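Data block below; observations after.
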Amino acid sequence: MRLSRYFLPVLKETPAEAQIVSHRLMLRAGMIKQASAGIYSWLPLGFKVLQKIEQIVHEEQIRAGHHPMLMPTLQSADLWRESGRYDDYGQEMLRIRDRHDRDMLYTPTAEELITDIFRSYVSSYRDLPLTMYQIQWKFRDEIRPRFGVMRGREFYMKDGYNFDLTKEDALHAYNRHLVSYLRTYERMGLQAIPMRADSGPIGGDDTHEFLVLADTGESEVFYDSEITDLKFGDREIDYDDKGQCQAVLEEFTSRYARTDETHDEALFNEIPEERRRVARGIEVGQIFYFGTKYSEPLGATVQGPDGKSVPVHMGSHGIGVSRLLGAIIEASHDDNGIIWPEGVTPFHCGIVNLKQGDSEADAACEALEKALESNGLEPLYDDREERAGGKFATMDLIGLPWRITVGPRGLAKGVVELTSRRTGESEEMSPEAAVARVAEIYEVNR
RNA sequence: CGGGGCGUGGCGCAGUCUGGUAGCGCACCUGUUUUGGGUACAGGGGGUCGUGAGUUCGAAUCUCGCCGCCCCGACCA
């Protein structure tokens with residue numbers, strides 16, 4: 001992509017309304033524009049990252065055996081009356097009336113609708129287990145939206161729902177989600193720690209939240225420092241194997257890690273003092289097992305092997321896709337701007353032409369652009385009539401992890417410069433070597 | 001919803017107290033210059049000062065209403 005043809009409205013100054021670093025950087029990097037309180041337009045750069053994150057979530061859900069689908073954002077109030085949540089949910093639910101005076105709502109979550117789909121078509125235990133999910137816009141009419149996309153009213157969320165015959169099967173689904181979430185966050189370059197949490201309006205007995213440690217997090221968290229040493233890594237796992245999933249759950253939840261809602265001071269104090277940590281965290285996902293809370297009132301039953309009808313055991317599972325952009329930036333930035341992890345970067349590599357209009361520099365940049373593209377990579381070539389300083393500042397701000405700098409001085413020696421955004425380290429090498437190196441970096445991260 | 005604050009070219013702000021017909025920096029356009037970490041100079045375009053009413057010879061400025069936005073708190077992926 002040529003920057004001169006792209007739409008990248010970067011700002012030198014920070015808009016006054018932005019308080020936290022991720023919000024400031026998203027506005028300055030031209031990723032989002034506020035439309036109204038807690039509601040944002042996603043400009044091309046922001047949308048690109050949103051899609052990258054969405055893609056990783058899809059891949060990991062499908063890997064775990066879950067089926068993607070899509071449900072509407074506007075729903076009839078009827079189902080919600082049936083479950084009892086039309087009254088319970090309160091002011092946070094945006095209620096709308098259509099032209100026929102029917103009560104509608106903008107979905108804050110979709111347990112009712114998915115359960116209705118299930119009960120319409122599934123009547124035998126032979127169709128279980130079943131897990132379906134969607135990535136769809138949600139709306140929760142927060143009293144006070146803030147922090148940009150971290151606490152918007154409209155937000156993009158992956159929500160998944162499992163249906164199982166027994167509690168044991170449903171807990172396996174719970175564990176499977178935990179494993180898939182660990183993989184998902186790690187692919188985005190994040191460490192998200194599962195913590196025992198409170199179930200809130202979704203209800204249920206078992207629930208874990210996934211938290212990314214960050215000073216600007218909204219939750220206070222308490223944990224045993226040993227937990228941050230755990231990595232899921234690239235281990236192979238059979239998602240149908242109950243034992244394997246259970247073992248991962250135990251590994252990642254055996255140490256103390258709780259949010260303030262469920263914090264237990266006495267238990268916490270049993271950890272050796274030097275390992276006790278009190279910090280803040282950003283919630284980027286949550287998994288629930290809630291049994292028959294929705295299947296009973298909504299009549300989602302199957303016939304078991306014995307011919308008797310029983311309500312199915314369910315759970316629901318969410319990942320805050322739009323919030324993740326904020327969380328990643330909070331966890332990965334410096335004074336000059338964003339530092340994207342390779343897994344979610346909007347462009348794989350920046351190309352900075354230090355002397356636009358110089359025929360050799362222009363030609364070298366264009367050749368680099370083509371070579372990177374033919375390796376399946378997306379470069380962003382800054383071909384604007386800008387000074388070098390301005391181009392560097394823009395690249396640093398938007399956070400591409402790798403940058404190739406091309407100028408007449410280097411070209412005279414047959415080299416360009418490859419720079420890591422994260423470390424700032426530069427290395428001179430031939431253009432061909434730079435392309436090969438970048439291709440290799442992304443091959444490993446694929 | 002309780003408490004606090006703000007609304008003036010695209011962005012950041014001054015001007016409001018003490019009423020006199022709108023200004024600065026950045027960005028943008030033109031030209032010259034410059035070019036390895038936000039170049040310098042010259043010229044230029046762009047604002048019914050959130051909105052409605054009132055006071056006044058005269059309102060960005062004073063009064064009242066409304067709308068929007070932000071911050072702290074309770075609530076939340």
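This is a predicted model, so every value here is computed, not measured. Chain identifiers are assigned alphabetically (A, B, ...) following the order of the sequence lines, protein sequences preceding nucleic acid strands; residue numbering begins at 1 within each chain.
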task = Provide, to the nearest angstrom, the distance between the CG atom belonging to Leu27(A) and the P atom belonging to rG10(B).
result =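 In whole Å, rG10(B) P and Leu27(A) CG are 17 Å from each other.
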Assigned partner base of [N], Watson-Crick or wobble definition, under 3.5 Å:
{"N": "rG37(B)", "answer": "none"}
{"N": "rG20(B)", "answer": "rC57(B)"}
{"N": "rC64(B)", "answer": "rG52(B)"}
{"N": "rA42(B)", "answer": "rU30(B)"}
{"N": "rG2(B)", "answer": "rC72(B)"}
{"N": "rG9(B)", "answer": "none"}
{"N": "rG47(B)", "answer": "none"}

inquiry  = Would you say that Leu377(A) contacts Phe347(A) through its side chain, given a criterion of any heavy-atom pair below 4.5 Å between the two side chains?
reply    =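 No; the side chains remain at least 4.5 Å from each other.
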Review item, nucleotides 1-5 of chain B N/O atoms under 3.5 Å of protein N/O:
none

key: Nucleic acid contacts - residues 35-71 of chain A versus RNA chain B, non-hydrogen atoms under 4.0 Å   =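 Result for residues 35-71 of chain A: Ser36(A), Ala37(A), sorted by number.
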note = Heavy-atom contacts, protein to nucleotides 29-46 of chain B, under 4.0 Å, summarised as B (base), S (sugar-phosphate only) or - (none) per nt, yield ------SBBBB-------
task = Might you confirm whether atom CG of Asp229(A) has over 12 heavy atoms from other residues, nucleotides or ligands at distances under 6.0 Å?
result =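 More than 12 heavy atoms, drawn from other residues, nucleotides or ligands, come within 6.0 Å of this atom.
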Whether over 12 other heavy atoms sit under 6.0 Å from Glu220(A) CD =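 Yes - once you tally the heavy atoms of other residues, nucleotides and ligands closer than 6.0 Å, there are more than 12.
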inquiry  = Taking the C1' atom in each of rU8(B) and rG4(B), what is the distance between them to the nearest angstrom?
reply    =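 One C1' to the other, the span is 22 Å.
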query = If you check the Arg146(A) side chain, which of rG12(B), rC71(B), rC70(B) turns out closest?
reply =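 Looking only at side-chain atoms, Arg146(A) lies closest to rC71(B).
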query = Are the ring centres of His177(A) and His66(A) closer than 6.0 Å?
reply =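 Under 6.0 Å, so yes.
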